[in-house]
Participant: 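Dropping a structure here in structure tokens format, bear with me for questions.
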Amino acid sequence: MPSNPLRKIPSVTELLDSPPLRRLVDRISHNVVVSSARMLLDEVRTELQTAASEMTLPSVTELAERIARRIMATELPPLRPVINATGILLHTNLGRAPLAEEAIAEAMAVARDYGSVELDLVSGRRARRMAAVESLLKELTGAEAALVVNNNAGATMLTLAALAAGREVIVSRGELIEIGGSYRLPDVMATSGAVLREVGTTNKTRADDYAGAIGEQTAAMMQVHPSNYAVMGFTERPTLAELVAVGHQHKIPVIHDVGSGALIDFSQFGCTDEPVVQESIRAGAEIVLFSGDKLLGGPQCGIIVGRRALVDRIESHPMTRAFRVGKLTLAALAATLRLYRREETALQQIPLLHLLSTSVENLRNRAQRLAPQLGDTAAVAEAEAQQGTTYLGGGSVPTQELPTWCIAMKPAGMSVDRMAASLRKGDVPVVGRIQKERLLLDLRTVFPRQDQDLVAAVVALGSGR
Ligand SMILES: *Cc1c(COP(=O)(O)O)cnc(C)c1O
């Protein structure tokens, strides 16, 4: 056997002495550089041991540079702003709703300094953390009380634990939803300690089915908005008001999980299935649950509104502390909610609503303007403005299509998958969608201020990166 290449692997000390790593030891940390160097040397060792053919060992400088590149990559913020050109407005993988400027400013202000999180500045006494947002939530939804927790899954879990642990909650078989990831209503219910009492069938459940299931053990009835699927055809479900009537007859509260948290009527955008929170309260639901970062367009949180006595019971449950929101969330939510005091202001200032209400003509004009610019770049063989349809996404109405305009790009000299991956990895990451061997950039989710960034990102693809 020829000389063993494993013997020639440099030591960590040797690597650390090389100029690129010496600089990083000073700039970042000795420990970080040492552990990265060890990791890479381990990998090289394994490679040498398993390589079928002769493999040459990279030089010390080459190895050091590789390590330096890796370390530099970890110095970038792990969460980066992304241009969402998927057309999906509420993309959970892309962090759902972008925040309004007002929300950003108010969150930043309390981030930098101490804040009046649990202090009433007038009386000097301790205040409830919820005071900052409760009055706005009451005003906007018509509810008697409100509580904000980390997300709607938390809101649901907490509500069930506080109001129904050890007792039954009646839910239609048509509403046993899975939201994706690990959220499955039957599992959430079991974890909360409440006992799921299923009624009806997948496609048909009547008010009588709920009434018939009420007994000694019943703690609540729950209606869940099927936000990411639709049962169509031979179907029936009671209206919320009908369910509330059953509840009143038997003195059983109705919990309504509306999911997306629409505070305005979304039928103006062509989304006719979205329950509006105020309407659930008006229909008599005792508790209404929704997310803050879906159609409401605010920060991630879960909002519980409803009857004072019930919200108080939920708030005093020991688990509430585990779902507590921080000052950044409260500040951003309060700012977002204030925008809803005037619907026109909300439509203007809340990015999600602004994107949703952008006219098709606006999208078409921009697509037609951008297509030739994109088509002229080295990485693109052909670019064409084309009409399309998209969805709210992120656990919202699946059956309701939104009109949109895209730029469909045919890559030059690379596969469409490669093009999509390169755009994702660019300085300003762009996420599009692939359709029929074309990469589509959907303008429904692109802010006009990002149009030229899209062009720059595609130009950069052609510069051999
Ligand atoms: C999205 C959704 C949830 C979960 O909300 P998160 O805020 O993501 O935890 C629960 N119920 C319904 C109906 C939903 O649409």
Side-chain angles (χ1 to χ4, degrees), residues 88-99 133 137 146-161 163-164 169 171-192 194 196 205 220-231 237 240 243 254-263 266 271 273-277 279-281 285 287-306 314 319-320 322-326 328-330 332-333 336-337 352 391-400:
I88 304 293
L89 281 151
L90 288 172
H91 203 302
T92 301
N93 299 356
L94 297 180
R96 293 194 186 157
L99 292 179
V133 288
L137 282 167
L147 176 64
V148 178
V149 293
N150 194 46
N151 53 23
N152 194 15
T156 307
M157 175 87 81
L158 195 57
T159 298
L160 293 169
L163 304 184
V169 177
V171 186
S172 161
R173 290 195 169 88
E175 298 176 1
L176 298 173
I177 59 167
E178 170 170 325
I179 297 292
S182 51
Y183 185 102
R184 296 177 128 190
L185 185 62
D187 300 340
V188 171
M189 182 117 22
T191 309
S192 75
L196 172 62
T205 306
M221 294 186 286
M222 188 167 175
Q223 193 169 73
V224 184
H225 179 62
S227 28
N228 53 4
Y229 67 101
V231 182
R237 86 198 277 243
L240 182 64
L243 202 57
V254 171
I255 300 166
H256 191 198
D257 176 5
V258 298
S260 295
L263 291 180
F266 274 74
C271 312
D273 276 356
E274 277 305 324
V276 176
V277 176
E279 281 169 17
S280 295
I281 293 291
I287 290 288
V288 181
L289 308 169
F290 52 101
S291 299
D293 54 348
K294 288 186 181 171
L295 293 183
L296 195 148
Q300 181 194 302
C301 60
I303 301 171
I304 303 170
V305 295
I314 297 168
M319 208 150 67
T320 299
F323 292 115
R324 189 164 83 170
V325 288
L328 303 187
T329 304
L330 284 173
L333 179 61
T336 307
L337 290 172
L352 188 87
Y391 307 90
L392 285 175
S396 302
V397 253
T399 48
Q400 301 197 354

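Bear in mind that the values here come from a model prediction, so they are computed numbers and not experimental data. In each ligand, atom 1 is the first atom listed, and ligand 1 is the first ligand listed.
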Participant: Side chains of S280 and L240: closer than 4.5 Å at any heavy-atom pair?
Facilitator: yes
Participant: Is the number of heavy atoms from other residues, nucleotides or ligands within 6.0 Å of CZ (R173) greater than 12?
Facilitator: yes
Participant: With respect to T156, determine whether any N or O atom, backbone or side chain, lies less than 3.5 Å from an N or O atom of ligand 1.
Facilitator: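 Not met; the criterion fails.
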Participant: Which atoms of ligand 1 sit under 4.0 Å from any heavy atom of S227?
Facilitator: 12 (C), 13 (C), 14 (C), 15 (O)
Participant: Please report whether ligand 1 has a polar contact with D293, defined as an N or O pair separated by less than 3.5 Å (distance criterion only).
Facilitator: no
Participant: Using a 4.0 Å cutoff against the non-hydrogen atoms of K294, which atoms of ligand 1 qualify?
Facilitator: 1 (C), 2 (C), 3 (C), 14 (C), 15 (O)
Participant: Is the shortest N/O to N/O distance between V224 and ligand 1 below 3.5 Å?
Facilitator: no
Participant: With no hydrogens and no angle check, is any side-chain donor or acceptor of S172 less than 3.5 Å from a backbone partner on G174?
Facilitator: yes
Participant: Under 4.0 Å from any heavy atom of G259, which atoms of ligand 1 are there?
Facilitator: 12 (C), 13 (C), 14 (C), 15 (O)
Participant: Any idea which part of Q300 is under 4.0 Å from ligand 1, heavy-atom wise: side chain, backbone, both or neither?
Facilitator: neither
Participant: Show me which atoms of ligand 1 lie under 4.0 Å from any heavy atom of H225.
Facilitator: 13 (C)
Participant: Please verify whether a non-hydrogen atom of R96 lies at under 4.0 Å from ligand 1.
Facilitator: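 Contact present.
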Participant: Residue-level breakdown please: for N152 versus ligand 1, do any non-hydrogen atoms fall below 4.0 Å on the side chain, on the backbone, on both, or on neither?
Facilitator: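 Both backbone and side chain.
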Participant: Between the main-chain N or O of C301 and the side-chain N or O of T329, is there a donor-acceptor pair closer than 3.5 Å?
Facilitator: no
Participant: Would you mind running through ligand 1 and noting each atom that sits below 4.0 Å from a heavy atom of I177?
Facilitator: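 In order of numbering, the contacting atoms are 11 (N), 12 (C), 13 (C).
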Participant: Taking A194's backbone N and O only, do any of them form a donor-acceptor pair with S192's side chain (distance below 3.5 Å, no angle check)?
Facilitator: yes
Participant: Using distance alone, determine whether S260 and ligand 1 share an N or O pair under 3.5 Å.
Facilitator: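 There is no such contact.
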Participant: Taking the side chain as every heavy atom from C-beta outward, state whether L263 and L337 have any pair of such atoms under 4.5 Å apart.
Facilitator: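 Touching, per the 4.5 Å side-chain cut-off.
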Participant: Just wondering, do L333 and I303 contact through their side chains at under 4.5 Å, heavy atoms?
Facilitator: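 With C-beta onward as the side chain, the pair touches.
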Participant: Hey, which of L99, L328, L330 is the one that makes side-chain contact (heavy atoms from CB on, under 4.5 Å) with P299?
Facilitator: L99
Participant: When you look for heavy atoms under 4.0 Å from ligand 1, do you find them on the side chain of N228, its backbone, both, or neither?
Facilitator: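 No part of N228 is near ligand 1 at this cut-off.
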Participant: Please compare G154, A155, S291 and report which has the shortest non-hydrogen distance to atom 7 (O) of ligand 1.
Facilitator: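 Heavy atom nearest to atom 7 (O) of ligand 1 belongs to S291.
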Participant: Check whether any side-chain heavy atom of M222 sits under 4.5 Å from a side-chain heavy atom of I287, and report yes or no.
Facilitator: no
Participant: Tell me whether D257 has any N or O atom under 3.5 angstrom from an N or O of ligand 1.
Facilitator: yes
Participant: For the atom pair NE2 (H256) and CE (M221), what is the distance rounded to the nearest 0.5 Å?
Facilitator: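 Interatomic distance, H256 NE2 to M221 CE, rounded to 0.5 Å: 12.5 Å.
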